[in-house]
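It should be emphasised that the depicted structure is a prediction, and the values quoted were computed from it without experimental measurement.
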Amino acid sequence: MLGIILRSAGRVLAVNAREQEHAGDIAGATAAFAERLARASDNEEHLRAMHDINARLHAVRLVEADLLADTGDELARLSAAADRGDVAALRTGWRRYHRRRQRLAPEIVRALLRD
């Protein structure tokens, strides 16, 4: 969904509002950031879809935070790119974000099955 939002943005994405602070809650911070980008698209369907996606991914994001030590830094870099309206940096950063998690998919699934 974020790929669609960023592709439709062209070169500039007007991201006005910052996500709320989620001290120590990387899953909540990631969900808030994704919804922030969806809100910036001015397409209500994007926001509804992102809300549903965030609900489905919450447990996965909790596991990711345990497996990836620098998720907070990664999210901060993405948020800074959004603050600048830098769509190119957001696209690159989001692709990197997903590739990292794709490589960890087997570990994420094992962790989810243990819980």
Side-chain angles (χ1 to χ4, degrees):
M1 178 53 57
L2 285 176
I4 292 169
I5 291 167
L6 294 174
R7 276 192 302 278
S8 67
R11 292 177 181 249
V12 178
L13 183 67
V15 181
N16 295 324
R18 294 267 312 162
E19 57 273 12
Q20 294 177 353
E21 292 297 320
H22 291 269
D25 177 13
I26 197 66
T30 303
F33 177 71
E35 287 186 14
R36 175 183 178 204
L37 294 181
R39 225 176 272 104
S41 78
D42 287 331
N43 182 326
E44 196 63 32
E45 289 299 317
H46 289 166
L47 185 56
R48 270 195 288 277
M50 188 55 60
H51 181 75
D52 291 343
I53 290 166
N54 281 337
R56 286 187 210 110
L57 287 176
H58 184 75
V60 171
R61 288 179 177 150
L62 291 172
V63 170
E64 289 171 358
D66 291 335
L67 296 175
L68 297 166
D70 63 344
T71 53
D73 294 337
E74 181 180 45
L75 191 58
R77 286 190 299 273
L78 288 166
S79 185
D83 290 344
R84 296 188 308 272
D86 188 344
V87 175
L90 281 168
R91 285 182 187 142
T92 300
W94 207 253
R95 277 191 302 270
R96 187 176 305 121
Y97 175 96
H98 279 284
R99 277 193 304 268
R100 289 181 73 202
R101 282 144 183 86
Q102 286 170 342
R103 286 190 298 268
L104 284 176
E107 290 179 57
I108 292 169
V109 170
R110 278 193 294 274
L112 287 169
L113 292 174
R114 279 193 301 263
D115 291 344

Query raised in the report: Which residues pass the side-chain hydrogen bond (donor to acceptor under 3.5 Å, both in side chains) test with H58, sequence neighbours left out?
Result: none

Requested in this report: Mind checking the CG-CG spacing from L78 to D73? Nearest 0.5 Å is all I need.
Outcome: 11.0 Å

Report summary line: Between V63 and A111, the two heavy atoms sitting closest are CG1-CB, 3.5 Å

Report task. Please list all pairs passing the salt bridge (Lys or Arg N to Asp or Glu O under 4.0 Å) test where one or both residues lie in residues 53-72, with sequence neighbours left out. Result -> E64-R101, D70-R100

Query raised in the report: What pair of heavy atoms forms the shortest contact from A65 to T71, and how long is it?
Result: CA-OG1, 4.2 Å

Query raised in the report: Considering all heavy atoms of both residues, which atom of F33 and which atom of A82 are nearest to each other, and what is their separation?
Result: CE1-CB, 3.8 Å

Query - Listed partners of R96 passing salt bridge (charged side-chain N to carboxylate O under 4.0 Å, His left out), at least two apart - result: none

Report task. Report the residues that fulfil ring-ring contact (aromatic ring centres under 6.0 Å, His included) with H98, sequence neighbours left out, ordered by chain and then residue number. Result -> W94

Report task. Would you check if the side chain of S41 reaches a backbone N or O of A38 as a donor-acceptor pair within less than 3.5 Å? Result -> yes

Query - L75 reachable from L62 in the ILVMFWY side-chain graph, under 4.5 Å edges - result: no

Query raised in the report: In Å and rounded to the nearest 0.5 Å, what is the CZ to CZ distance from R36 to R39?
Result: 9.5 Å

Report summary line: Hits for side-chain contact (heavy atoms from CB on, under 4.5 Å) against A59, two or more places apart or cross-chain, chain-then-number order -> L112

Query - Distance in Å, R91 CZ paired with L2 CG, rounded so as to fall on 0.5 Å steps - result: 12.0 Å

Report task. Nearest 0.5 Å please: distance from the CG atom of L67 over to the CD1 atom of I108. Result -> 6.0 Å

Report summary line: Sequence neighbours excluded, the answer for side-chain hydrogen bond (donor to acceptor under 3.5 Å, both in side chains) partners of E44 is none

Query raised in the report: According to a 4.5 Å side-chain heavy-atom criterion applied to Ile, Leu, Val, Met, Phe, Trp and Tyr, with indirect links allowed, do L90 and I53 form part of one hydrophobic cluster?
Result: yes

Report task. Say whether L37 and I26 are linked into one hydrophobic cluster, either directly or through other cluster members, by side-chain heavy-atom distances under 4.5 angstrom. Result -> yes

Query raised in the report: What's the spacing between E45 CD and M1 CE if we round to 0.5 Å?
Result: 8.5 Å

